Engineer: 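Mind looking over this structure? Questions follow.
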Amino acid sequence: MAKTGKLTALEVRNAGVGKHGDGGGLWLRVRPNGSRAWLFRYTWAGREREMGLGPTDRVSLAEAREAARDARKLVARGVDPISHRRATRRAVPTFKACAEAYIEAHAPGWRHGKTRRQ
């Protein structure tokens, strides 16, 4: 396995434009506009994939290393980290679903059936 922990916090803050490897698939991407973000690069089904781990102002170096370690474990178990993350996200309910839940919760207190139909 590749050596991890190559970057320091100072190097993260002062890194120039481009991609800078920390090892173990963790990369720091610095864009020309100055934005900095963490990436986890891995091979899945013969293709190179990149999974964003978040910007450096919200995700520290230690947190990025931990997220990359978790993603490496998923790859080792035969689970695609991007698909896993999508599957575990909480679904946002539609307006229709919210409206139907509201009607079901409040309908017993309404005086007329007409109100429910409206």
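A quick note: this is a predicted structure, and the numbers were derived from the prediction, not measured.
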Engineer: May I ask you to say whether Arg49 pairs ionically with Asp80, meaning some side-chain N is under 4.0 Å from a carboxylate O?
Structural biologist: yes

Engineer: Could you tell me whether a side-chain N or O of Arg41 sits under 3.5 Å from a main-chain N or O of Leu26, the two making a donor and an acceptor?
Structural biologist: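 Answer holds: no.
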
Engineer: With clusters defined by side-chain heavy atoms of hydrophobic residues (ILVMFWY) lying less than 4.5 Å apart, directly or transitively, does Trp44 cluster with Leu39?
Structural biologist: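 Shared cluster, no.
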
Engineer: With rounding to the nearest 0.5 angstrom, report the CG to CG distance, Leu53 to Asp70.
Structural biologist: 10.0 Å

Engineer: Are the side chains of Arg89 and Arg85 in contact, using a 4.5 Å heavy-atom criterion?
Structural biologist: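 Yes; the side chains approach each other to less than 4.5 Å.
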
Engineer: Check the angle between the aromatic planes of Tyr42 and Phe40 and answer parallel, tilted or perpendicular using the 30° and 60° thresholds.
Structural biologist: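 Parallel: the ring planes of Tyr42 and Phe40 meet at under 30°.
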
Engineer: Hey, does the side chain of Thr94 reach the backbone of Ala97 with a donor-acceptor pair shorter than 3.5 angstrom?
Structural biologist: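 Yes; at least one donor-acceptor contact below 3.5 Å.
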
Engineer: May I ask whether Ile82 and Val75 are part of the same hydrophobic cluster, defined by side-chain heavy atoms of I, L, V, M, F, W, Y residues being less than 4.5 angstrom apart, directly or through others?
Structural biologist: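 Yes: a chain of side-chain contacts under 4.5 Å links Ile82 to Val75.
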
Engineer: Find the distance between CE (Met51) and CG (Leu74) and round it off to the nearest 0.5 Å.
Structural biologist: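 Here the interatomic distance stands at 7.5 Å.
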
Engineer: Identify the heavy atoms of Gly21 and Leu7 that sit nearest to each other, and give their distance.
Structural biologist: O-CG, 3.8 Å

Engineer: Which heavy atom of Gly24 sits nearest a heavy atom of Arg72, and at what distance?
Structural biologist: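 Shortest heavy-atom contact: O-NH1, 2.7 Å.
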
Engineer: Are the side chains of Val17 and Arg31 in touch, meaning some heavy atoms are under 4.5 Å apart?
Structural biologist: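 A side-chain contact is absent here, since even the closest heavy-atom pair is not under 4.5 Å.
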
Engineer: Looking only at heavy atoms, which two atoms of Arg65 and Lys6 are closest? And how far apart?
Structural biologist: NH2-N, 4.1 Å

Engineer: Do the non-hydrogen side-chain atoms of Leu28 and Asp22 ever get within less than 4.5 Å of each other?
Structural biologist: no

Engineer: Give a yes or no on whether the backbone of Pro55 and the side-chain of Trp38 come within a donor-acceptor separation of less than 3.5 Å.
Structural biologist: no

Engineer: Does some side-chain heavy atom of His84 sit less than 4.5 Å from a side-chain heavy atom of Pro81?
Structural biologist: no

Engineer: Is there a donor-acceptor pair under 3.5 Å between the side chain of Glu104 and the backbone N or O of Ala101?
Structural biologist: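 No; zero donor-acceptor contacts below 3.5 Å.
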
Engineer: How far does CD1 of Ile103 sit from SG of Cys98, to the nearest 0.5 angstrom?
Structural biologist: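 Between Ile103 CD1 and Cys98 SG, I get 11.5 Å after rounding to 0.5 Å.
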
Engineer: Looking at Pro108 and Ala105, what are the two nearest heavy atoms and their distance?
Structural biologist: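 For Pro108 versus Ala105, the nearest heavy atoms are CD-O, 3.9 Å.
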
Engineer: Determine yes or no for a side-chain-to-main-chain donor-acceptor pair under 3.5 angstrom, with Arg36 supplying the side chain and Val12 the backbone.
Structural biologist: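 Looks like yes, one N/O pair under 3.5 Å.
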
